[in-house]
Amino acid sequence: MRNSGEPYITHPIAVAVQCTEWKLDAQALMAALLHDAIEDCGVTKTDLIERFGAPVAELVDGLTKLDKLQFHTREESQAESFRKMLLAMARDVRVILIKLADRTHNMRTLADMPRTKWSRISLETLEIYAPIAHRLGLNQTYRELQDLSFRYLRPWRYAVLSKAVTRARNRRRDLIQKVRREVEAAFADTGMTVRIAGREKSLYSIYKKMDEKHLSFAQVTDIYGLRVIVPGVTECYTALGVLHQMYKPVPGRFKDYIAIAKLNGYQSLHTTLVGPSGVNVEFQIRTEAMHVVAESGVAAHWLYKASDPNGQAASRLGAKWLQSLLDIQDETRDAAEFWDHVKVDLFPDAVYVFTPKSQIMALPRGATVVDFAYAIHSNVGDHTAAAKINGEQVPLRTELRNGDVVEIIIAPVSTPNPAWLGFVRTGRARSKIRHHLKSMAQAESQELGEKLLTQALRAEGMEKLPGSDPVYQVIWDKLLRFTGSRTKAELLTDIGLGKRIASIVAKRLTTLMSERGEKPDAVLMTRERYSAHENLSQGAVTLDGTESASVQYAQCCRPVPGDNIVGYLGRGEGLVVHLADCSVAKRLQHKDAERFIHVEWSDEPSRPFETGVIVTVSNGKGVLARVASALAATEADIVHVDMGDEAAQEATDLRFVIAVRDSAHLDAVIRTLNRTPSVLLASRIKPSA
Ligand code: MN
């Protein structure tokens, strides 16, 4: 039973009846009748699929999901997002139409509900559902939902205004009738067939106008108007001419919504004329087709399908977006694509998701968990460690879907990963990640610079860098004046990035320190200078793979832990690590020897390293698969593979980039490959001399 005492079935039937007025199809009507079945009757989706088919079950399921969304907040911006989310969540426009029919019937029978619920339901209708009806061009429903909400939100004002309108209607009736007769006569003279109808402003729009513009009821003059419906578009403009010859138009009130349709597809000519006794009368001029769209918007699509199988009337609709929708519809007859198109036109590509506190966030389509984190706050983004969607842990690259509840788990030690740049969608996340990585690289370069300068200083016989107490500040100030750097940090960073050469700075620093009375230690100097050449230095830069932007592993030779390596301090690019016998490094060493520094591997590398392997194979079916599985067996990950020209050759080269633990692992991989059938030769890729 409903609250009114009537059998419950009256509600689904009323909803279905509304849908028949929009000429919705049989599936939609079934779904309208069943719309509360899952939610209220414990029927499962599977039951519905078995008895009514999958399409109907999908519609009912969609409606049930919309029911679960509860709109709480009072903020205007949230209402807008919520509306968009509702639209975006519904995969099928019929779900929204049935929902609007459902809401319309519930509003019509709201008097039977307890008074305590009136205001919440009415507000939701006014802020969420009425605007959706408007956006979809369902103007009749839009006006009805607004008036009903107004009635239950402000019962007293509604009653007063309603009485005033009735009284005014009686007073104006004669005038409007007179205008109508004159207009009908004028059109009869032109021989044009027109339909003329009276038009009344809705109570809610009168109320809003009075409220917003601080007008009294008497000051709202455009309550009444006439609508002239003509056979074709050309006649619209002819009719406008006829009217403007009869009565004087009010300047600035003419609007051509035929040439430039409203966003929801609405088309008409609007003009306001000074009628008999100086009373303004508003006119709307449109064709039958425009009238259908004006009253039922998106639903007009079904009306056309029902009444005009060739789409002739539809093709006359000038409204740009509606036209394009109908074009697509004609070609594909696919309601899903039609609706996707409507959604794209109604709002830019966006997904709407919730924070755990039910705040709605709008993000571009394709946005990931990391984008969400940065949208909340850059501190959240910078320390994102993990994430949950709808309570389940997900990878950070997961794309968000409408209605997801997203929770970000942060850890103070977490920092942005360069790999995030590969999947984030928003500019905000991208620039924040870049910024963070840059400052991390800065800090690393500074640390490296300090190491290099200390090392160079020891080779000059000085134990360590001067501290930062005032005594030494004089030395630093003089040194900075010499190098032209603004701060000590800048100088060290420059050294770390290779923009300055440590040994030159160290020499100058040694001179400055000696002037202050510090003597170079000859033993230290000798030992450091020797050890630097003997590769035994304590001051070597140790690499374990955790360095980010300040250290690069050369792409030409791709060193891995265990390899003999050298470090080249490139100009502005930081430290580049090459194989000691890399031909590229050797050429550099020839002309730029002082830029080479001593580097060594850490005992415990933090990650696998990538290196190149070239595998020459005899051509044949499944060779790549065989090589790949051989690689998998050695626990080397394939990062990338390039295949040579397969055509017309007996043998081909496969170039792999693989990730290995160290050089011993790499040797084992190459041995395994060389034992693999079809492999003629496998070797490491190194630049040729
Ligand atoms: Mn219902």
Side-chain angles (χ1 to χ4, degrees), residues 1-45 47-49 51-53 55-72 82-83 85-87 89-134 136 138 140-149 151-153 296 298-299 302 403:
M1 295 296 173
R2 296 206 97 208
N3 286 322
S4 61
E6 289 173 295
Y8 192 80
I9 190 65
T10 56
H11 170 64
I13 288 177
V15 173
V17 167
Q18 173 70 67
C19 292
T20 63
E21 280 169 24
W22 290 328
K23 301 277 193 294
L24 298 194
D25 56 17
Q27 290 171 352
L29 297 184
M30 284 196 268
L33 287 169
L34 292 164
H35 77 267
D36 285 327
I38 293 181
E39 185 70 8
D40 297 345
C41 314
V43 176
T44 66
K45 191 177 168 188
D47 293 339
L48 291 180
I49 292 174
R51 297 181 60 181
F52 303 98
V56 174
E58 280 302 329
L59 292 175
V60 178
D61 191 46
L63 284 155
T64 311
K65 282 194 185 119
L66 289 194
D67 273 346
K68 295 224 170 88
L69 291 176
Q70 282 278 341
F71 178 70
H72 292 298
F82 197 86
R83 287 196 294 270
M85 185 172 61
L86 267 183
L87 291 169
M89 268 186 81
R91 288 211 197 90
D92 190 320
V93 68
R94 292 175 296 179
V95 170
I96 292 291
L97 292 170
I98 298 167
K99 184 72 201 165
L100 287 171
D102 178 35
R103 181 52 63 117
T104 305
H105 185 248
N106 285 338
M107 287 304 294
R108 283 177 188 162
T109 53
L110 194 62
D112 299 326
M113 291 287 276
R115 256 176 183 277
T116 49
K117 295 196 171 176
W118 285 6
S119 118
R120 185 189 68 79
I121 296 176
S122 299
L123 199 67
E124 191 181 78
T125 304
L126 195 60
E127 290 190 342
I128 308 295
Y129 292 99
I132 287 177
H134 187 52
L136 295 178
L138 297 153
Q140 226 167 27
T141 305
Y142 168 58
R143 286 192 295 264
E144 182 175 357
L145 289 178
Q146 281 190 329
D147 275 4
L148 286 168
S149 306
R151 180 169 165 186
Y152 290 102
L153 272 175
S296 17
V298 161
W302 276 274

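Atoms within a ligand are numbered from 1 in the order they appear, just like the ligands themselves.
Seen from the Mn ion (ligand 1), atom NE2 of His35 and atom NE2 of His11 lie 90° apart in angle, a value rounded to 10°.
For Asp102, the N/O/S atom at the shortest distance from the Mn ion (ligand 1) is named OD1.
Looking only at atom types and distance, the side chain of Asp61 has no donor-acceptor partner in the side chain of Thr64 under 3.5 Å away.
A salt bridge (Lys or Arg N to Asp or Glu O under 4.0 Å) check over residues 105-115, counting only residues at least two apart or in different chains, returns the pairs Arg108-Glu144.
Counting only distance, with no hydrogens or angles, the side chain of Trp118 and the backbone of Arg151 share no donor-acceptor pair below 3.5 Å.
Among residues two or more places apart in sequence or in another chain, the side chain to side chain donor-acceptor pair (under 3.5 Å) test is passed with Thr10 by none.
In summary, His105 places no N/O/S atom under 2.8 Å from the Mn ion (ligand 1), failing the contact criterion.
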